[in-house]
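Taking it in order: structure first as structure tokens, then the write-up.
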There are 2 protein chains.
Amino acid sequence: MVTITDIAEALGITPSTVSRALAGSPRVKEDTRVAVLRKAEEMGYQRNIMAANLRKRRSDIVGIVVPRIHRQFFANVISGAESILNEAGYNVMICQTMEKLDVEIKVLRTLRNHQVAGVLLSHAIEARDSKHLAALGNIPLVQYDRVFFDYPGAKVVGANCEGAFKATKHLIESGYRKIGTIAGFMTSQAYVERLAGYRLAIESAGIPFNPDIVYENAIVRETGREAALKALEAGCDALYCCGDFCALGAVEALQEKGVRIPEDFGIVGTANEFFTSLMTPALTSLGQNPYEMGREAARAFLEGRTDTTVIPMELQIRSSSIRNTICQK
Amino acid sequence: MVTITDIAEALGITPSTVSRALAGSPRVKEDTRVAVLRKAEEMGYQRNIMAANLRKRRSDIVGIVVPRIHRQFFANVISGAESILNEAGYNVMICQTMEKLDVEIKVLRTLRNHQVAGVLLSHAIEARDSKHLAALGNIPLVQYDRVFFDYPGAKVVGANCEGAFKATKHLIESGYRKIGTIAGFMTSQAYVERLAGYRLAIESAGIPFNPDIVYENAIVRETGREAALKALEAGCDALYCCGDFCALGAVEALQEKGVRIPEDFGIVGTANEFFTSLMTPALTSLGQNPYEMGREAARAFLEGRTDTTVIPMELQIRSSSIRNTICQK
DNA sequence: GGAATTTGTGCAAACGTTTGTATATTTGTC
DNA sequence: GACAAATATACAAACGTTTGCACAAATTCC
């Protein structure tokens with residue numbers, strides 16, 4: 001392994017000069033700079049990043065923490081963040097928490113031990129408060145998607161309330177009458193806001209808000225099924241779902257009961273996962289623009305921001321929510 | 001930031017002893033070990049991994065290189081590898097190449113600069129040979145899924161030939177007569193073998209192999225569409241597809257042409273991506289068991305193996321390939 | 001042409017660990 | 001109780017960079 005000292009010796013200069021030359025410091029003469037660069041190339045020099053990081057007391061790695069990597073949403077957040085961070089000379093270290101608090105704690109500790117330059121985090125469902133985030137010490141943290149508003153620092157979130165409002169309003173305008181919601185976990189602000197948006201839309205339409213047809217703590221396929229069956233029993237004819245997987249479960253459960261979608265029952269999901277367009281009927285979904293969210297989170301880190309950025313959400317209307325009536329407006 | 005020197009001073013001993021105590025060396029007395037551990041806890045000590053890595057001349061990071069993170073297949077490989085590596089005390093650094101050779105080269109250089117303990121790689125489609133892998137120097141490399149057999153070191157691959165054989169045989173047994181294949185890129189061994197398996201099945205059934213109905217260089221949705229239209233024109237009544245996305249494109253193109261699947265035309269994909277079960281008709285797919293592949297690749301790295309491991313592939317039979325005839329055998 | 005300034009390079013100390021070797025202490029043996 | 005052996009700790013040198021400071025040489029200024 002060739003080091004800057006080797007280069008220095010080969011050139012009869014000191015490692016400091018080599019270091020500065022490689023870093024492009026204006027303090028070295030042009031001639032020696034090109035000499036160093038050529039020699040480095042010739043000797044096959046590879047910079048030892050760990051040594052540099054140790055000396056500089058910080059690394060060029062940014063940690064990205066996601067609940068689960070295989071969810072399209074998070075995979076796209078990662079891609080977005082990576083596109084910005086790589087450009088700025090950073091590398092990313094991706095960590096999955098599997099929605100578990102203890103894994104999240106372990107992961108944050110690891111990132112801290114690596115002295116990463118920053119962390120972009122979307123917390124696990126199991127994490128009910130921001131206490132454990134303090135483990136990061138003074139490493140800059142950007143929260144995205146699922147955020148704790150009581151914890152200081154930059155945040156990037158979807159326009160959840162506004163989005164859920166649009167989604168629910170769309171169901172109302174499609175002519176559905178008793179619209180429930182699969183609401184997710186109230187431990188996460190994102191879901192709280194979606195519920196708020198749903199409620200706002202309902203009440204704006206002059207319909208009284210009915211807590212009995214709000215199905216909390218459902219988010220995956222199986223719990224979506226269960227919630228849908230309850231909703232059916234309660235006389236609902238539509239559901240706004242806080243996720244696509246629970247929406248998928250809902251669709252399946254209803255179809256098994258012989259309920260026709262969208263004729264008898266309307267469904268809207270959230271996230272606009274790839275599979276939603278392939279379902280029968282294709283699922284209307286509130287898209288979150290994860291790629292942009294990742295880019296924005298990365299920018300927030302780079303610029304050292306501490307504010308909150310809101311990423312618009314767009315309703316992708318498909319078959320599962322369009323009744324025979326023509327969509328008004 | 002508290003260091004082992006701080007702990008040593010607080011305890012009136014030397015950093016070396018603290019280091020050994022923390023590492024669980026048998027050379028330190030039980031008493032001092034617990035004293036060190038308690039003090040470390042009390043002072044909120046966090047090990048500086050970069051310093052340790054520098055001294056040990058290797059890092060605790062294993063690089064995982066994937067073409068695209070958002071593909072279920074690779075996301076699951078990552079999860080599998082992570083499960084084994086974390087257990088063994090390693091952390092993973094995930095890199096996407098976006099199927100581009102220059103990005104792959106850049107990524108490998110970065111991993112090398114980080115002195116990672118090892119690399120698990122599935123090369124980009126654009127990478128046509130193994131030349132650029134030498135950039136890793138003496139860092140152990142495990143190739144998985146897409147591998148270069150001419151490059152030394154451990155490899156973990158799916159039973160592509162055998163799998164494609166099963167998939168094609170299934171189409172034959174379902175009663176399809178003229179079976180083509182969307183074959184992918186012949187620059188990648190995985191696709192070469194799938195084609196070989198297809199051919200073997202065809203010929204074993206006494207059907208002459210017909211290169212005219214082998215559609216190469218198709219792998220994504222759009223190219224799958226194009227290939228399917230050509231196959232239709234050529235009089236095919238079935239296609240074995242080397243991927244699920246090109247299979248999806250094929251299904252869509254055929255359906256638009258009014259071709260009924262599976263009645264008029266049979267389709268089998270490869271990878272068993274999540275969405276295949278949600279399509280109409282549900283897509284029969286040759287599943288690759290990516291989670292196991294990731295685990296195996298990680299084990300190959302840990303054990304320093306240099307052999308080739310083959311992961312069985314299982315055919316998930318769904319509607320897209322079952323004609324009215326009963327499946328023989 | 002001497003003083004002041006600029007420019008380029010060298011020196012050496014850090015960054016926080018790990019680890020081979022040396023030393024001090026304890027234990028065991030006869 | 002002297003000596004060997006085992007045990008536990010200390011010493012000090014690395015690992016490969018970066019960077020503040022010092023210093024020499026070259027340039028500028030009056």
Side-chain angles (χ1 to χ4, degrees), chain A residues 1-37 39-40 43-61 89 109-110 112-117 137-139, chain B residues 1-37 39-40 43-61 89 91 110 112-117 137-139:
Chain A
M1 198 98 301
V2 27
T3 72
I4 54 169
T5 313
D6 299 334
I7 299 179
E9 272 170 15
L11 252 40
I13 55 176
T14 61
S16 4
T17 305
V18 175
S19 174
R20 280 189 259 260
L22 292 171
S25 158
R27 283 175 55 184
V28 325
K29 196 158 55 176
E30 180 65 12
D31 299 2
T32 63
R33 201 178 63 80
V34 304
V36 165
L37 256 47
K39 201 74 187 174
M43 299 176 73
Y45 170 73
Q46 298 278 347
R47 183 158 170 270
N48 184 324
I49 297 189
M50 287 187 311
N53 289 347
L54 174 61
R55 174 57 228 243
K56 293 200 282 198
R57 311 189 73 168
R58 62 165 262 249
S59 108
D60 62 334
I61 297 179
R109 190 158 43 215
T110 301
R112 183 191 171 157
N113 288 353
H114 276 273
Q115 313 255 84
V116 294
N138 53 359
I139 294 174
Chain B
M1 198 101 298
V2 26
T3 73
I4 55 168
T5 313
D6 298 334
I7 298 179
E9 271 170 14
L11 252 40
I13 56 178
T14 62
S16 8
T17 305
V18 174
S19 174
R20 280 190 253 262
L22 292 171
S25 158
R27 281 174 58 184
V28 325
K29 196 159 55 175
E30 180 65 13
D31 299 2
T32 63
R33 203 178 61 82
V34 304
V36 165
L37 258 47
K39 201 73 186 176
M43 298 176 74
Y45 170 73
Q46 298 278 347
R47 182 158 169 272
N48 184 324
I49 296 189
M50 287 189 309
N53 289 347
L54 174 60
R55 173 58 225 242
K56 294 201 280 196
R57 311 188 72 168
R58 61 167 263 250
S59 110
D60 62 334
I61 297 180
N91 293 294
T110 301
R112 183 191 172 156
N113 288 354
H114 276 273
Q115 312 257 85
V116 293
N138 54 359
I139 294 174

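Dashed line: the shortest gap from a side-chain N or O of B:T17 to OP1 or OP2 of D:dT9 is not under 4.0 Å. For the pair B:T32 and D:dT9, the criterion of a side-chain N or O lying under 4.0 Å from OP1 or OP2 is met.
Sequence order on DNA chain D of the closest nucleotides to B:G12 and A:A52 puts B:G12 first from the 5' end.
As judged by a 4.0 angstrom heavy-atom cut-off over every strand, B:R57 is placed among residues touching the sugar-phosphate backbone only. Among the protein residues, A:I49 comes within range of no part of the nucleic acid, since none of its heavy atoms lies under 4.0 Å from any strand. Using a 4.0 Å heavy-atom distance criterion, B:T3 is classed as a sugar-phosphate-only contact.
Computed from coordinates, the B:I13 CD1 to D:dC11 P distance equals 12 Å when rounded to whole Å. Distance CE (B:M1) to P (C:dT17): 10 Å, rounded to an integer number of Å. Atoms CZ (A:R112) and P (C:dG16) sit 13 Å apart, rounded to a whole Å. The distance between atom CG of A:D6 and atom C1' of D:dT17, rounded to the nearest whole Å, is 13 Å. The CG-C1' distance, from A:L54 to C:dA14, rounds to 9 Å in whole Å. In this structure, CZ of A:R58 is placed 16 Å from P of C:dG16, rounded to the nearest angstrom. With rounding to whole Å, A:E30 atom CD is found 10 Å from C:dG8 atom P. Summarising the geometry, the separation between CD1 on B:I4 and C1' on C:dT17 is reported as 5 Å, rounded to the nearest angstrom.
Scanning all heavy atoms of the two residues, the minimum distance from B:N48 to A:Q115 falls at ND2-NE2, 3.4 Å. Nearest heavy atoms, B:A10 versus B:M43: CB-SD, 4.2 Å. Minimum heavy-atom separation, A:L22 to A:Y45: CD1-CE2, 3.6 Å.
Between the base of D:dC11 and the side chain of B:S16 there is a donor-acceptor pair shorter than 3.5 Å. A donor-acceptor contact under 3.5 Å is not formed by the side chain of A:R33 with the base of C:dT7. Between the side chain of A:R20 and the base of C:dG10, at least one donor-acceptor pair of N or O atoms lies under 3.5 Å.
With C:dG10, D:dT19, C:dT17 as the candidates, the nucleotide lying closest to the side chain of B:T5 is C:dT17. For B:T14, the side-chain atoms get nearest to D:dA10 when compared with the rest of C:dG10, D:dA10, C:dT19.
Atom CZ of residue B:R112 and atom CG of residue B:N138 lie 7.5 Å apart, to the nearest 0.5 angstrom.
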What side-chain donor-acceptor pairs closer than 3.5 Å can you find for residues 11-21 of chain B, not counting sequence neighbours?
| residue | atom | partner | partner atom | Å |
| --- | --- | --- | --- | --- |
| B:T14 | OG1 | B:S16 | OG | 3.2 |
| B:T14 | OG1 | B:T17 | OG1 | 3.4 |

